[in-house]
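Everything on this sheet refers to the single structure shown next.
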There are 2 protein chains.
Amino acid sequence: MISLSYTEENYLKAIYHLSYLGKECITTNEIAEMLNTKPASVSDMLKKLSQKEMINYVKYYGVEITDQGKSCALKIVRKHRLWEVFLVEKLKFNWDEVHDVAEELEHIQSNLLIERLDHFLGFPKYDPHGDPIPGADGLLREKPQIGLCDLTINDIGFLSNVKEAGVAFLQYCDKVGLKIGVKIKVIDKVSFDNSLEIEIDNIKTISISKEVSKNIFVTR
Amino acid sequence: MISLSYTEENYLKAIYHLSYLGKECITTNEIAEMLNTKPASVSDMLKKLSQKEMINYVKYYGVEITDQGKSCALKIVRKHRLWEVFLVEKLKFNWDEVHDVAEELEHIQSNLLIERLDHFLGFPKYDPHGDPIPGADGLLREKPQIGLCDLTINDIGFLSNVKEAGVAFLQYCDKVGLKIGVKIKVIDKVSFDNSLEIEIDNIKTISISKEVSKNIFVTR
DNA sequence: TAAAAAATTTAGACAATCCTAAAAATATTT
DNA sequence: AAATATTTTTAGGATTGTCTAAATTTTTTA
Ligand SMILES: [Mn+2]
Ligand SMILES: [Mn+2]
Ligand SMILES: [Mn+2]
Ligand SMILES: [Mn+2]
């Protein structure tokens with residue numbers, strides 16, 4: 001088993017997440033931006049991850065994650081999301097408070113720990129933001145979902161996932177009542193700015209911007 | 001608040017533990033041995049910890065922990081021991097499996113995390129090895145206890161603390177029935193090798209070496 | 001108390017990770 | 001297609017923490 005340093009794990013996870021949406025090729029600048037670091041540092045790291053066969057790296061062109069790399073990244077994502085569940089379910093953290101702590105906890109090295117944690121939490125399938133938790137087998141099972149911004153008038157869905165982990169966004173969601181599981185009905189769509197008028201749980205109607213709606217996913 | 005790196009925290013904690021038994025002055029070699037590193041590396045680190053006023057360091061003489069250093073060390077010890085309780089109580093780790101994982105978990109930076117964990121665990125006072133957990137106020141409350149090796153024939157005590165965290169020792173204790181809380185009666189003391197014959201929970205009688213008895217403490 | 005031994009520090013290197021500035025390659029304009 | 005802009009890499013240096021080997025200081029021994 002090839003071992004990765006704390007920093008290598010963070011880079012690999014970033015590359016995995018950038019790869020996730022089916023992009024064939026990830027660029028140096030994208031990685032630098034995601035990790036708040038400089039492109040020069042990224043170039044250094046890409047050589048190392050390439051040598052460890054976590055990525056295929058072609059100078060000046062870009063980066064592609066390997067199967068081995070994806071498998072390592074998924075283990076880290078598994079740990080991250082299980083810890084997030086722990087923090088919310090057991091320690092009563094709010095969903096906007098968990099990300100930074102999980103960013104550290106995901107690097108703790110112990111298979112026993114993570115499997116016992118999984119058991120203790122009752123083998124959860126999704127994290128507090130609705131993201132799927134990779135299994136111990138290394139597989140990610142996604143549920144079919146659709147962007148709130150892609151619904152049309154009178155469509156109904158149940159909030160299943162938020163795609164933005166920022167504190168500001170999550171606190172905004174809390175404030176207006178957008179939580180995992182709520183029922184959302186599209187009342188109106190303003191073509192001028194693509195904002196939506198939505199009804200939440202048959203109770204209240206609010207207006208949300210396209211910025212917001214494109215980060216929210218629902219199941220139908 | 002002065003911040004310490006992961007490595008600085010480990011050094012400071014080692015110095016704290018070496019200081020604990022009232023030693024006025026800790027030596028470079030002792031620290032190196034405890035941390036499995038070389039004296040030269042220790043000398044380097046002592047300069048840094050001294051500059052951060054965690055220790056008083058006199059070249060060629062030795063090291064003394066400052067009040068500030070002790071306070072920082074106690075915060076790390078608090079985290080270490082709370083995580084050990086979590087691993088044993090919630091994740092069903094055996095007491096010989098927790099140390100290395102807690103050694104990593106103790107460095108996670110989040111006050112909210114550790115205070116919520118404390119609450120979640122029901123504000124435990126002792127870790128799985130019977131060591132006292134420093135309070136959020138930074139104070140360590142010890143209970144009076146006595147070394148099993150200092151009991152005399154017919155004395156009775158309740159096992160309250162094991163002073164050795166090694167896997168081999170803890171598994172040995174498990175095997176012979178030495179657990180926190182058991183009642184121990186000294187049946188005989190062999191003056192030749194200072195081994196003890198003890199009765200556990202009025203049920204079984206075993207013989208233990210001085211090596212073992214000096215690592216076991218009881219309350220009377 | 002002088003020599004030998006042990007403990008400790010310093011000197012010099014190395015690995016990991018980061019940075020800035022300069023160079024090189026690629027992409028976009030005109 | 002040449003000039004310009006952007007992206008990416010390399011060069012060189014800083015920081016943290018490690019090590020070995022050599023120098024220095026302290027302690028022990030004879
Ligand atoms: Mn991380
Ligand atoms: Mn999440
Ligand atoms: Mn540690
Ligand atoms: Mn312990």
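Note on naming: letters A, B, ... go to the chains in the order of the sequence lines (proteins, then strands), and numbering restarts at 1 for each one.
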Between the side chains of [X] and [Y], does any donor sit under 3.5 Å from an acceptor?
{"X": "A/Glu104", "Y": "B/His107", "answer": "no"}
{"X": "B/His129", "Y": "B/Glu164", "answer": "no"}
{"X": "B/Asp155", "Y": "B/Thr152", "answer": "yes"}

Query raised in the report: In residues 49-61 of chain A, which ones come under 4.0 Å of DNA chain D, going by heavy atoms?
Result: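 Going residue by residue through residues 49-61 of chain A, the ones with a heavy atom under 4.0 Å of DNA chain D turn out to be A/Tyr57, A/Lys59, A/Tyr60.
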Query raised in the report: Looking at DNA chain D, which of residues 4-18 of chain A put a heavy atom within less than 4.0 Å of it?
Result: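 Those residues whose heavy atoms fall under 4.0 Å from DNA chain D, taken from residues 4-18 of chain A, amount to none.
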Run the side-chain donor-acceptor check on residues 22-29 of chain A: report pairs under 3.5 Å with partners two or more places apart or on a different chain.
from	atom 1	to	atom 2	distance (Å)
A/Lys23	NZ	A/Glu30	OE2	2.8
A/Thr27	OG1	A/Glu30	N	3.3
A/Thr27	OG1	A/Glu30	OE1	3.3

Requested in this report: Please work out whether the ring planes of A/Phe120 and B/Phe120 are parallel, tilted or perpendicular, with thresholds of 30° and 60°.
Outcome: perpendicular
**Report entry** Phosphate contact (D/dT7 OP1 or OP2) by A/Thr27 side-chain N/O below 4.0 Å
**Finding:** no
Report task. Check whether any side-chain N or O of B/Lys47 sits under 4.0 Å from OP1 or OP2 of C/dT9, and answer yes or no. Result -> no
Show the atom names and distances, to 0.1 Å, of all donor-acceptor pairs under 3.5 Å that link a side chain in residues 139-150 of chain A to residues at least two apart or in another chain.
from	atom 1	to	atom 2	distance (Å)
A/Glu142	OE1	A/Tyr20	OH	2.6
A/Glu142	OE2	A/Tyr20	OH	3.1
A/Gln145	OE1	A/Ser160	OG	2.8
A/Gln145	NE2	A/Asn161	OD1	2.9

Query raised in the report: Between A/Lys52 and A/Gln68, which heavy-atom pair has the shortest distance, and what is it?
Result: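 Shortest heavy-atom separation between A/Lys52 and A/Gln68 comes out as O-OE1, 3.6 Å.
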Query raised in the report: Rounded to whole angstrom units, what separation is found between the CG atom of A/Asn29 and the C1' atom of D/dT9?
Result: 12 Å
Query raised in the report: Are A/Arg81 and A/Tyr126 in a cation-pi setup, meaning NZ or CZ lies under 6.0 angstrom from the ring centre and within 45 degrees of the ring axis?
Result: no
Requested in this report: Could you please name the option among C/dT8, D/dT9, D/dC19 that lies closest to any side-chain atom of B/Asp44?
Outcome: D/dC19
Query raised in the report: With sequence neighbours left out, what residues match B/Ser50 under side chain to side chain contact (heavy atoms under 4.5 Å, CB included)?
Result: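 Listed in chain order: B/Ile55, B/Tyr57.
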Report task. Could you check if a side-chain atom of B/Ile184 sits within less than 4.5 angstrom of a side-chain atom of B/Leu178, using non-hydrogen atoms only? Result -> yes
**Report entry** DNA chain C contacts made by residues 35-43 of chain B, counting heavy atoms under 4.0 Å
**Finding:** B/Pro39, B/Ala40, B/Ser43
